[in-house]
Amino acid sequence: DRSELVRKLLADSVKPSSTDEEPLIVCRRLWKSYGDRDVLKGIGLEVNRGEVVAVLGPSGSGKSTLLRMINHLETLDEGEITIGGRYVGYAKKDGKLVPTSGRAQARAEVGVSMVFQNFNLFANLTALENIMEAPIRVHGVPRDEAEKMARQLLATVGLSGHADHLPHHLSGGQQQRVAIARALAVKPRVMLFDEPTSALDPELVGEVLSVMRSLADAGMTMIVVTHEMNFAREVADRVVFFDEGEIVEQGRPEDVLDSPTKERTRRFLNRLG
Ligand code: ADP
Ligand code: MG
């Protein structure tokens, strides 16, 4: 069954380590501005190994910017991010921190992987090839080994029969499941999801959330930006509410969602209805 398959595949990703007493992800005093607009204002966030954090907040509050920073897609103006003690965006050379050059390589080194709202699959590659690409190109995995793993990953997201399909022959839900398989193929220690179901027709949301739930159950460390309140409530260990570049409130899902202590959180949740 799926959860057993997922558990096996994620064995490397969720492996306990000697640094488990410390949070796996540490973000300290993150500041980011575009021109004179402050988008992140001193964000601090820590995520433990195996923890699932749901990030909620209005559009424009800086949620994507935070995930993109952790995934080496944005630079930070101030502050620092470490994953398993390694600096995101920097490598140690002769005892000094120097900015890393290749994003893909840097991502591989810290072990982070991301799933986007619009899937972002390579349009000219089949489902199978999409999944094999990073292991071969970035991680130097031999082709036959990469293919074997890609087929296993396709099976775990329920798409064994779609290996040779191009993205435009797949539904949105299927494309997003391929994107999740592709993100997992590099054996990340951390999975970032940026509104992974927001672009989907309502009837396709469930199949994607169900794959995400099985990753969470298998012990994957995840930060999920989402408006799916039921998912946040049932799957997340913690809910973090963002507004205007700040973390306004965070806590257990039942506390934040049912009894928010801050007016801004209350207003946001009321608007969602
Ligand atoms: P969210 O994901 O919470 O909707 P974002 O992190 O995407 O918010 O954006 C936060 C703010 O930063 C928004 O006002 C957005 O317009 C602005 N922003 C994001 N990326 C850029 C960019 N590359 N250049 C200028 N402004 C940006
Ligand atoms: Mg966003």
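Numbers here are sequence positions counted from 1. Read the numbers this way: they start at 1 and go in the same order the structure lists the ligands and their atoms. Since the structure is predicted, the reported quantities are computational estimates derived from the model, not experimental observations.
Within the 4.0 angstrom cut-off, atom 10 (C) of ligand 1 has one or more protein heavy-atom neighbours.
Heavy-atom contacts of Thr65 reach the following atoms of ligand 1: 5 (P), 6 (O), 9 (O) (cutoff under 4.0 Å). Residue Ser61 has at least one heavy-atom neighbour below 4.0 Å for each of these atoms of ligand 1: 1 (P), 3 (O), 8 (O). Every atom of ligand 1 is numbered from 1 in the order shown, and the set under 4.0 Å from a heavy atom of Pro58 is 3 (O).
Backbone and side-chain nitrogen or oxygen atoms of Glu74 are examined, and none is located within less than 3.5 angstrom of a nitrogen or oxygen of ligand 1. The shortest N or O to N or O distance between Gly60 and ligand 1 is under 3.5 Å.
Taking backbone and side chain together, Ser64 holds an N, O or S atom under 2.8 Å from the Mg ion (ligand 2).
Contact analysis puts Arg37 in contact with ligand 1, with a non-hydrogen atom separation below 4.0 angstrom. Not a single heavy atom of Gly57 lies less than 4.0 angstrom from ligand 1.
When only modelled atom types and interatomic distance are considered, Thr265 and Glu249 share a side-chain donor-acceptor pair under 3.5 Å.
The protein heavy-atom contact nearest to atom 17 (C) of ligand 1 is Tyr34 CD1, 4.0 Å. Considering only non-hydrogen protein atoms, atom 12 (O) of ligand 1 sits nearest to Val39 CG2, 3.2 Å. Protein heavy atom at the shortest distance from atom 7 (O) of ligand 1 is Ser64 CB, 3.6 Å. In terms of protein heavy atoms, atom 3 (O) of ligand 1 is closest to Lys63 NZ, 2.8 Å. Scanning the protein heavy atoms around atom 8 (O) of ligand 1, the nearest turns out to be Gly62 N, 3.2 Å.
By the 6.0 Å and 45° rule, Arg182 stacks over the aromatic ring of Phe122.
To the nearest 0.5 Å, the span separating CZ on Arg68 from NZ on Lys63 amounts to 13.5 Å. Distance check, rounded to the nearest 0.5 Å: CZ of Arg264 to CG of Leu269 gives 13.5 Å.
A salt bridge links Asp258 with Arg233: the distance from a Lys NZ or Arg NE/NH1/NH2 to an Asp or Glu carboxylate oxygen falls below 4.0 Å. Taking 4.0 Å as the cut-off between side-chain N and carboxylate O, Glu78 and Arg28 do not count as a salt-bridged pair.
Using the six-membered ring where Trp is involved, His165 and His169 have ring planes that are perpendicular, over 60° apart on the 30 and 60° scheme.
Using a 4.5 Å heavy-atom cutoff, the side chains of Met69 and Val88 are not in contact. Counting only heavy atoms from C-beta outward, the side chains of His162 and Leu154 never approach each other to under 4.5 Å.
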